[in-house]
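Residues: numbered from 1 along the sequence shown. All values below were derived from every heavy atom in this structure, side-chain atoms included, with hydrogens, water molecules and symmetry-related copies excluded.
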Amino acid sequence: MGGYEGIQGMRVEHILLGAALLLLASLAASKGAGRLGVPALVLFLGVGMLAGSDGPGGLYFDDPWLAQVLGVAALVVILFAGGLHTEWRQVRPVLWPAVLLATVGVVITAVLVGAFGAAVLGFRPLEALLLGSVISSTDAAAVFAVLRSRRAALKGRLRPLLELESGTNDPLAVLLTLGLIHMISQEGARASDLVGLFAVQMAVGGALGYSLGRVMVELLRRVHFESDALYPVMSLALVFAVYGITASAWGSGFLAVYIAGLVVGNSSFVHRRNLMRFHDSTAWLAQILMFLTLGLLVFPTQVARVTGLGLAVAAFLMLVARPAAVLAILPFFRASLAEMLLVSWVGLRGAVPIILATLPRLAGIAEAQLIFNVVFFVVLTSALLQGTSIPYVARWLGVAAEAPPERRPPLELAAPENVHSDLIELIIPPESPAAGQPIAQLGLPAGALVVLVGRDNAYRVPSGSTTVHQGDILLILGHKAQLDEVRLRLGIQEEEPV
């Protein structure tokens, strides 16, 4: 049977086969990433570059608009999954230093790199500042991937600080990039206009992210489908709706989806565990597709021509600009020198700078291609040098921690049709009336059974005399209609992440 003609004259079956082979190659690369000590994103980029027009694959792809669309969609998925796995009780103590790093730190980094580009590298001032703005934010996908690997466990507040910073610093980098493009393209544009626009972006993004996150939780609790497989579909649709609504209202869609993920991840509902696994998988798929696409977009022969320039920018960013931003902020929060040095080194750049580097190309900026190639080189250098060395630097500075064993519930429940019971996972909050009480005295409704108790990275089968502690994870089997009463008995009301 003959095939259908697709994009650029390619047959659809060839496109699908090529996509499958690229995904399989990326999965194989991810297997080797841990053994080589290289972040998986570098290998995903490498697969894309090998498949591109300058590689043996010979696939020609030079569509920055499509790459930008795919990149934004992927970042939405990745940021939501990052927020989903962020525990509010861990990030609350580091909220202010993370927010300052995500705002003031981004501005300091952009200005310093811009000054270096203008004074040393010969860029014109606005183009130099545009380059600094594009690479001013750390990348959530890169930071989440590296810090959540078993090789990079960190002590105390370091991991939540770095993850919260990387999840919230994209809006300002996007705003600076768009504002500078506007100033370069339009005569008479003023830098002061950016201040008001940033305030609106952050305020609207934060407010809608929290509000729409609460709406997501209520829908996940109250909407009932005949098939459990439809809940992940609904949650994914809602994630994109959060971004679309917020961006349409002149807010930061990236900030909104991260906050929505934080709200949903710190709330209790029936299908929470399954949805978290689903969004884990979609985040990995989004990360692979995003870096593959960006790898296809770049022409390695062009990047090689800016090696000297790229090395100079990367060295200044890693050794001067990022440390200066950190040292300007963290001393006010009693951070030790070792902590500040580690935060300075975990300034990973990834997909966001490459996606932002497509904007000058779309706007027709004269130095756009040079900026794109330099940014791509800086991202590769950052991932290879910083991403691979974080565990060793952490140990050298004395801030490495022993990686806890991965905790996976040893029990799954697949409810048959016409059975209205669910296995739900609830975390005993601080000051819960259930803390310190035996299970038999919790007053749970008849038919609600505590199947497992998770504590200290292990699960055990409880008895009626088992005492419940703050922070315990209870796996409870019960009728769907009893869930509100179960939450009430355990002191789990409307979980507020802020």
Answer whether the closest heavy-atom distance between the side chains of L101 and L330 falls below 4.5 Å. yes
Can you tell me how far the OH atom of Y258 sits from the CG atom of L84, to the nearest 0.5 Å? 11.0 Å
With the side chain counted from C-beta on, respond yes when L370 and L309 share a heavy-atom pair under 4.5 Å apart, and no when they do not. yes
Taking side chain as C-beta onward, heavy atoms only, is L70 less than 4.5 Å from L289? no
Output yes when a side-chain donor or acceptor of T282 lies under 3.5 Å from a complementary backbone atom of H279, and no otherwise. yes
Identified side-chain contact (heavy atoms from CB on, under 4.5 Å) partner of T177 from the options L172, V134, L129: V134
Point-to-point distance, once rounded to the nearest 0.5 Å, from CG of L317 to CG of L112: 10.0 Å
Just verifying a value: how many Å separate L176 CG and M183 CE, rounded to the nearest 0.5 Å? 11.0 Å
Determine whether M216 and V239 satisfy the following criterion, side chain to side chain contact (heavy atoms under 4.5 Å, CB included), listing intermediate values before the conclusion. CA-CA 9 Å; M216 286 185 66; V239 171; 4.1 Å; yes
Can you tell me if S382 uses its side chain to pair, donor with acceptor, with the backbone of V378 under 3.5 Å? no
Student check: side-chain heavy atoms of L297 and T358 closer than 4.5 Å: yes
Rounded distance (nearest 0.5 Å) linking atom CD1 of I288 with atom OG of S26: 5.5 Å
Ignoring hydrogens and geometry, is there a side-chain-to-backbone donor-acceptor pair from S252 to L255 under 3.5 Å? yes
Please name the pair of heavy atoms, one in R157 and one in F333, separated by the smallest distance, quoted to 0.1 Å. NH2-O, 3.0 Å
In short, G347 meets T138 closest at the heavy-atom pair CA-CG2, 3.7 Å
Can you find a pair of side-chain heavy atoms, one from F254 and one from Y243, that are under 4.5 Å apart? yes
When you check the gap from the basic side-chain N to the acidic O, do E165 and R322 get nearer than 4.0 Å? yes
Closest approach of V352 and S137, non-hydrogen atoms and distance? CG1-OG, 3.8 Å
Side-chain touch E339/S336, heavy atoms, less than 4.5 angstrom: yes
Tell me, with the steps shown, if I135 and V313 meet side chain to side chain contact (heavy atoms under 4.5 Å, CB included). CA-CA 10 Å; I135 59 174; V313 174; 3.7 Å; yes
Nearest 0.5 Å please: distance from the CD atom of E163 over to the CG atom of L154. 9.5 Å
Do L294 and F44 come within less than 4.5 Å of each other through their side chains, counting heavy atoms only? no
Given 3.5 Å as the limit, does a donor-acceptor pair link the side chain of R349 with the main chain of S136, or not? yes
Side-chain touch L341/V326, heavy atoms, less than 4.5 angstrom: no
Closest non-hydrogen atom pair between T246 and G205, with its separation: CG2-CA, 3.7 Å
Reference residue V91; test side-chain contact (heavy atoms from CB on, under 4.5 Å); the match among L164, N266, L161: L164
Considering all heavy atoms of both residues, which atom of A118 and which atom of P125 are nearest to each other, and what is their separation? CB-CA, 4.3 Å
Heavy atoms only: give me the nearest W65-L362 pair and the separation to one decimal. N-CD2, 3.9 Å
Against V242, only a single residue in L208, L212, I259 fulfils side-chain contact (heavy atoms from CB on, under 4.5 Å); can you say which? L212
d(L131 CG, L126 CG) to nearest 0.5 Å is 12.5 Å
Looking only at side chains, do T103 and N169 share a donor and an acceptor under 3.5 Å apart? no
